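Comments concern the structure below.
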Amino acid sequence: GPTARIILVALLFVTVPQAQGAFTLIGFPIDDPATRGVVEEYTLARQLKTVRIIGTLKTTNWVLDRPPFAATLARHLHPPLERYHITEQGHGVYAVDDMGALRGSVRLVARAPERRVYLVEGEFRSLAHLLNLSGSMVFALTYQERWEGNERTVEIDPQLYVRLHNILVHGILKILAPLIHGVIDRRVDSLTVAAQVVSQRLTQDPQGLYREIRTWPDVGPAELEEYRHAFRILEDGGKGGG
């Protein structure tokens, strides 16, 4: 009767999950549960210092769209990253491995001409193997083109959210935080220098870099042709017109 219907309606309100509010990150509506989980339940969050590189938005996006080739450029042009490899796994997922301390995967979650969000999942070991961490990281980038004098530059503002899986770490986070932040800072500083070196060569000497790339054994014909076409390099290594 009426009482049973009232009870049934009440049970429906209790058992049917209520719609959650929209989740946004640097202007992107994010519906990826793993990304949302990291940002909303982070262990550490950092607004990293602004990075400035010589170049244009077009070149920056071209490199970011090719993670394996970007890692190859970094390995050759910035020796501290010579152990750093990225390989494509399919479906927008890339494996990251520096042959020791870092191993995991990276996935592009959202993309726009001046914004990107990445999800990184894996493990990290300190150089002395005293700290072994596993977890997930969300890396959000906003960037814009600027003029500095007569030179075009790209200004990048990175945000970092880290969610660690190690239960013990959460209990002693205040003690470990300086060490973890130091690890993050050193790795970010190395990647920043590599990005600056790579972008400078791509902007100021693309044909000279092309001649170098042709001698690298870890660059395939398809990557070489993509580079030649993107930077209008002639077959002999000279600069094309247009």
Side-chain angles (χ1 to χ4, degrees), residues 24-28 45-82 84 86 106 108-118 120 137-161 181-216 219 223-242:
T24 61
L25 181 61
I26 58 170
F28 287 116
R46 293 274 302 276
Q47 174 69 53
L48 301 174
K49 61 184 179 182
T50 299
V51 176
R52 290 178 180 84
I53 61 175
I54 295 172
T56 64
L57 280 178
K58 182 179 179 180
T59 299
T60 300
N61 280 312
W62 188 88
V63 174
L64 289 175
D65 285 339
R66 294 160 176 80
F69 187 63
T72 300
L73 290 171
R75 282 199 308 274
H76 287 273
L77 300 180
H78 185 54
L81 291 183
E82 64 184 0
Y84 194 76
I86 297 179
V106 59
L108 179 65
V109 176
R111 178 191 186 280
E114 298 181 2
R115 295 172 292 154
R116 289 178 186 242
V117 175
Y118 295 91
V120 182
M137 177 178 71
V138 170
F139 203 52
L141 300 176
T142 56
Y143 46 99
Q144 55 187 322
E145 192 173 298
R146 295 184 180 278
W147 284 92
E148 290 189 3
N150 295 323
E151 198 165 49
R152 279 193 291 187
T153 63
V154 176
E155 191 173 273
I156 305 170
D157 288 304
Q159 297 178 39
L160 184 68
Y161 300 87
H181 284 300
V183 169
I184 292 172
D185 288 339
R186 286 191 295 274
R187 186 161 291 271
V188 169
D189 287 346
S190 184
L191 291 172
T192 296
V193 174
Q196 291 170 335
V197 172
V198 168
S199 61
Q200 184 171 9
R201 287 296 305 276
L202 289 172
T203 302
Q204 298 179 344
D205 185 26
Q207 58 266 50
L209 181 56
Y210 174 77
R211 288 191 291 269
E212 289 183 35
I213 293 173
R214 286 196 300 184
T215 68
W216 297 350
V219 175
E223 291 177 315
L224 195 62
E225 183 61 21
E226 278 192 349
Y227 180 95
R228 192 179 68 81
H229 179 75
F231 293 93
R232 302 193 302 277
I233 306 297
L234 301 176
E235 288 286 359
D236 61 0
K239 183 74 172 178

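On a predicted model such as this, the values are computed, not experimentally measured, just so you know. Side chains are part of it too, since the values below use all heavy atoms of this structure and drop only hydrogens, waters and symmetry mates. Position 1 is the first residue of the sequence, and the numbers go up from there.
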For [Y], is there any backbone N or O sitting under 3.5 Å from a side-chain donor or acceptor partner on [X]?
| X | Y | answer |
| --- | --- | --- |
| Thr50 | Asp157 | no |
| Glu155 | Glu145 | no |
| Thr59 | Gly55 | no |
| Gln47 | Pro158 | yes |
| Asn61 | Pro113 | yes |
| Ser190 | Arg187 | no |
| Tyr161 | Ala140 | no |

Ion pair check, [X] and [Y], cut-off under 4.0 Å:
| X | Y | value |
| --- | --- | --- |
| Arg46 | Asp185 | yes |
| Arg111 | Asp65 | yes |
| Asp189 | Lys49 | yes |
| Arg75 | Glu82 | no |

Less than 4.5 Å apart, side chain to side chain, heavy atoms only: is that true for [X] and [Y]?
| X | Y | value |
| --- | --- | --- |
| Leu160 | Val138 | no |
| Arg52 | Val154 | no |
| Leu64 | Tyr143 | yes |
| Arg201 | Leu77 | yes |
| Leu48 | Gln159 | no |
| Ile233 | Tyr227 | yes |
| Thr56 | Thr153 | no |

Pair Arg66-Glu223, salt bridge (charged side-chain N to carboxylate O under 4.0 Å, His left out): steps then yes or no: CA-CA 9 Å; Arg66 294 160 176 80; Glu223 291 177 315; over 6 Å; no
Distance (rounded to the nearest 0.5 Å) between [X] [atom1] and [Y] [atom2]:
| X | Y | atom1 | atom2 | answer |
| --- | --- | --- | --- | --- |
| Gln196 | Gln200 | CD | CD | 9.0 Å |
| Arg146 | Glu151 | CZ | CD | 15.0 Å |
| Leu234 | Arg228 | CG | CZ | 7.5 Å |
| His76 | Leu209 | NE2 | CG | 10.5 Å |
| Leu141 | Arg115 | CG | CZ | 12.0 Å |
| Leu202 | Phe231 | CG | CZ | 4.5 Å |

Minimal non-hydrogen separation, Thr192 against Val51, with atom names: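 That closest heavy-atom pairing would be CG2-CG1, 3.6 Å.
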Heavy-atom closest pair, residues Leu81 and Ala74: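 Minimum heavy-atom contact is CD1-CB, 4.0 Å.
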Any side-chain donor near an acceptor of the partner, Tyr210 and Asp205, under 3.5 Å: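 Checked: Tyr210/Asp205 side chains show no N/O donor-acceptor pair below 3.5 Å.
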Stepwise side-chain contact (heavy atoms from CB on, under 4.5 Å) check, Phe69 with Val219: CA-CA 8 Å; Phe69 187 63; Val219 175; 4.2 Å; yes
His78/Val193 under side-chain contact (heavy atoms from CB on, under 4.5 Å): CA gap, chis, key distance, verdict: CA-CA 8 Å; His78 185 54; Val193 174; 3.3 Å; yes
Steps toward side-chain contact (heavy atoms from CB on, under 4.5 Å) verdict (Thr142, Glu114): CA-CA 6 Å; Thr142 56; Glu114 298 181 2; over 6 Å; no
